[in-house]
Asker: 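This is the structure I have questions about; it appears just below.
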Amino acid sequence: MLGFELSEPATLDEAFDLLADGDPGVRPMGGGTALMLMMKAQIFKPERLVSLRNVGGCFDGLRIDADRSHIRIGGMTTFAEIECSPMVLQHLPAVVRTMKTLANIRVRHVASVGGNLAHADPHLDLPPVWMTHAASIRIVSKTGERVIPVEDLFAGYYETTLEGGELIAEVIVPVRPEWTSTYVKVTTRSAHDWPALGIAVSANLQGRRVNDLRLVLSAALDRPTRLVAAENELRGSDLDEAALKRAGEAAVAEVDIHSDSRGSAAYKQHLLRVHLSRAMHSLVGV
Ligand SMILES: Cc1cc2nc3c(=O)[nH]c(=O)nc-3n(C[C@H](O)[C@H](O)[C@H](O)COP(=O)(O)OP(=O)(O)OC[C@H]3O[C@@H](n4cnc5c(N)ncnc54)[C@H](O)[C@@H]3O)c2cc1C
């Protein structure tokens with residue numbers, strides 16, 4: 001790995017100043033777990049990393065709004081903090097279950113929520129889960145801030161819509177007690193491996209009737225993607241085998257799945273049909 005400078009600003013304003021000139025050799029750092037791998041492989045050769053570890057404010061911790069409508073997770077919150085939070089377990093149990101399948105305990109103690117999203121690897125486990133929970137992100141820069149749905153962050157393989165100098169300050173997740181969620185990570189090697197396919201589902205159910213739902217596919221395209229046609233097959237339907245079959249076929253038809261080192265496109269299409277149905281079944285407890 002080549003030498004580089006590490007800056008550790010104590011305030012957000014200092015961080016903005018260090019990142020301000022838009023130099024591609026200067027990058028913000030969350031936990032550094034993705035950056036270090038890219039630097040060791042010399043895919044990325046930074047002159048300086050700007051750690052966000054000490055900037056504080058809304059970048060840190062977990063809180064719930066006074067009216068209990070939203071949970072706010074700071075961009076520098078680690079996966080381990082989320083995994084161990086009773087508040088997240090109570091309101092977003094699918095997020096905690098997803099954490100337990102992600103990487104390993106050493107990575108989860110340093111990787112940050114903001115760094116995870118900004119990395120934009122389409123195989124990441126959490127982004128599809130945030131998307132089915134209808135989460136947004138607050139993006140801050142020296143000149144202002146904006147809030148966008150998580151799905152609008154992704155622009156392609158490892159590409160985001162973040163402008164130079166913009167930072168992910170927090171993830172904002174609505175609390176929806178009437179919705180139930182799950183994430184299916186299909187791995188072909190070990191349980192903690194990267195997924196060959198990921199399917200995240202959130203649904204508002206009344207018995208077996210699907211009032212509303214969100215379905216997101218990951219590890220199969222250049223970014224996590226809503227399966228809108230499959231959602232339309234299930235919304236307003238009873239969850240029976242015929243509806244699930246129609247939804248599986250609609251899902252396979254609406255996306256152009258890519259092959260990768262964990263499976264061919266044809267194999268992933270098969271996984272999608274099978275695991276979409278299993279994910280929906282698991283929501284109704286069968
Ligand atoms: C051994 C190993 C196994 C793994 N297994 C899995 C797995 O099974 N499933 C999975 O989903 N992931 C897995 N990961 C990936 C892991 O989730 C990511 O490395 C991690 O989420 C990145 O977070 P970070 O804070 O370390 O990001 P960093 O490495 O610090 O940063 C990643 C990118 O985000 C930018 N950035 C960082 N913070 C911000 C911010 N707040 N605002 C804007 N840009 C920012 C950086 O400049 C960089 O481009 C694994 C990683 C390792 C090392």
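Both counts, for ligands and for their atoms, begin at 1 and track the order of listing.
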Asker: Have His281 and Glu241 got a donor and an acceptor in their side chains that come within less than 3.5 Å?
Answerer: yes
Asker: Going by heavy atoms, is Lys185 under 4.0 Å from ligand 1?
Answerer: yes
Asker: Who's the nearest protein heavy-atom neighbour of atom 18 (C) of ligand 1, and how far?
Answerer: Thr33 OG1, 3.5 Å
Asker: Which of the listed options, Val113, Ile139, Asp125, Leu153, holds the heavy atom that is closest to atom 10 (C) of ligand 1?
Answerer: Asp125
Asker: Could you establish whether Asp193 and ligand 1 come within less than 4.0 Å of each other, counting only heavy atoms on the residue side?
Answerer: yes
Asker: Can you tell me how far NZ of Lys268 sits from CD1 of Ile257, rounded to the nearest 0.5 angstrom?
Answerer: 8.0 Å
Asker: Looking only at N/O atoms, are Gly31 and ligand 1 under 3.5 Å apart anywhere?
Answerer: yes
Asker: State whether the number of non-hydrogen atoms from other residues, nucleotides or ligands found under 6.0 Å of Gln206 atom CD is greater than 12.
Answerer: no
Asker: Should the pair Lys142-Asp17 be classified as a salt bridge under the 4.0 Å nitrogen-to-oxygen rule?
Answerer: yes
Asker: Is Gly30 close to ligand 1, meaning an N/O of one under 3.5 Å from an N/O of the other?
Answerer: yes
Asker: Provide the number and element of each atom of ligand 1 under 4.0 Å from a heavy atom of Phe79.
Answerer: 17 (O), 21 (O)
Asker: Indicate yes or no: does an N/O atom of Leu35 lie under 3.5 Å from an N/O atom of ligand 1?
Answerer: yes
Asker: How far does CH2 of Trp179 sit from NE2 of His133, to the nearest 0.5 angstrom?
Answerer: 10.5 Å
Asker: Are Glu163 and Arg146 close enough for a salt bridge, meaning some N to O gap below 4.0 Å?
Answerer: no
Asker: For atom 52 (C) of ligand 1, find the nearest protein heavy atom and state the residue, atom name and distance (0.1 Å precision).
Answerer: Val107 CG2, 3.8 Å
Asker: Between Asp65 and Arg72, is the closest basic N to carboxylate O distance under 4.0 Å?
Answerer: yes
Asker: Looking at ligand 1, does Gly75 have a heavy atom less than 4.0 Å from it?
Answerer: no
Asker: Should Leu37 be counted as touching ligand 1, given the test is an N or O pair under 3.5 Å?
Answerer: no
Asker: Can you list the atoms of ligand 1 that are under 4.0 Å from a heavy atom of Ala111?
Answerer: 20 (C), 21 (O), 23 (O), 25 (O), 26 (O)
Asker: Please list the nearest protein heavy atom to atom 46 (C) of ligand 1 with its residue and the distance rounded to 0.1 Å.
Answerer: Pro28 O, 3.1 Å
Asker: May I ask you to check whether Gly32 has an N/O atom sitting below 3.5 Å from an N/O atom of ligand 1?
Answerer: yes
Asker: Would you mind running through ligand 1 and noting each atom that sits below 4.0 Å from a heavy atom of Met29?
Answerer: 30 (O)
Asker: Set out, in order, the CA-CA distance, both residues' side-chain angles and the distance that settles side-chain hydrogen bond (donor to acceptor under 3.5 Å, both in side chains) for Thr11 and Asp13, then state yes or no.
Answerer: CA-CA 5 Å; Thr11 66; Asp13 281 339; 5.6 Å; no
Asker: Can you confirm whether Lys40 is buried at NZ, in the sense that more than 12 heavy atoms of other residues, nucleotides or ligands lie under 6.0 Å from that atom?
Answerer: no
Asker: Could you tell me whether Asp23 and Arg48 have a side-chain N and a carboxylate O separated by less than 4.0 Å?
Answerer: no
Asker: Counting non-hydrogen protein atoms only, what is the nearest one to atom 32 (C) of ligand 1? Give residue, atom name and distance.
Answerer: Gly115 O, 3.6 Å
Asker: Could you check atom 50 (C) of ligand 1 against the protein and tell me its nearest heavy-atom contact, residue, atom and distance included?
Answerer: Trp194 CZ2, 3.6 Å
Asker: Does atom CG of Asp256 have more than 12 heavy-atom neighbours, drawn from other residues, nucleotides or ligands, at distances under 6.0 Å?
Answerer: no
Asker: Show me which atoms of ligand 1 lie under 4.0 Å from any heavy atom of Leu52.
Answerer: 40 (C), 41 (N)
Asker: Which protein non-hydrogen atom lies closest to atom 17 (O) of ligand 1, naming both residue and atom, and how far is it?
Answerer: Asn116 ND2, 3.3 Å
Asker: Considering heavy atoms of the protein only, find what lies nearest to atom 43 (C) of ligand 1 and give residue, atom and distance to 0.1 Å.
Answerer: Ile168 N, 3.6 Å
Asker: Regarding Glu145 and Arg138, does a basic nitrogen lie under 4.0 Å from an acidic carboxylate oxygen?
Answerer: yes
Asker: Regarding ligand 1, does Arg27 bring an N or O atom to under 3.5 Å of one of the ligand's N or O atoms?
Answerer: yes
Asker: Considering distance alone, does some N or O of His123 sit under 3.5 Å from an N or O of ligand 1?
Answerer: no
Asker: Give every donor-acceptor pair under 3.5 Å between a side-chain atom in residues 218-226 and any protein atom, sequence neighbours left out.
Answerer:
unit_1 : atom_1 : unit_2 : atom_2 : d
Arg223 : NH2    : Ala155 : O      : 3.1
Thr225 : OG1    : Arg223 : O      : 2.8
Arg226 : NE     : Glu231 : OE2    : 2.7
Arg226 : NH2    : Glu231 : OE1    : 2.9

Asker: May I ask whether Phe44 has any heavy atom positioned less than 4.0 angstrom from an atom of ligand 1?
Answerer: no
Asker: Given Val186, which partner from the list Ile199, Val274, Leu197, Leu272 fulfils the side-chain contact (heavy atoms from CB on, under 4.5 Å) test?
Answerer: Leu197
Asker: For atom 45 (C) of ligand 1, which of the options Pro127, Ala118, Ala120, Gly165 provides the nearest non-hydrogen atom?
Answerer: Ala118
Asker: Using links of under 4.5 Å between side-chain heavy atoms of ILVMFWY residues, direct or through other members, which residues join Tyr157 in one cluster?
Answerer: Tyr158
Asker: Write out the residue and atom name of the closest protein heavy atom to atom 4 (C) of ligand 1, then the distance separating them to 0.1 Å.
Answerer: Ala103 CB, 3.3 Å
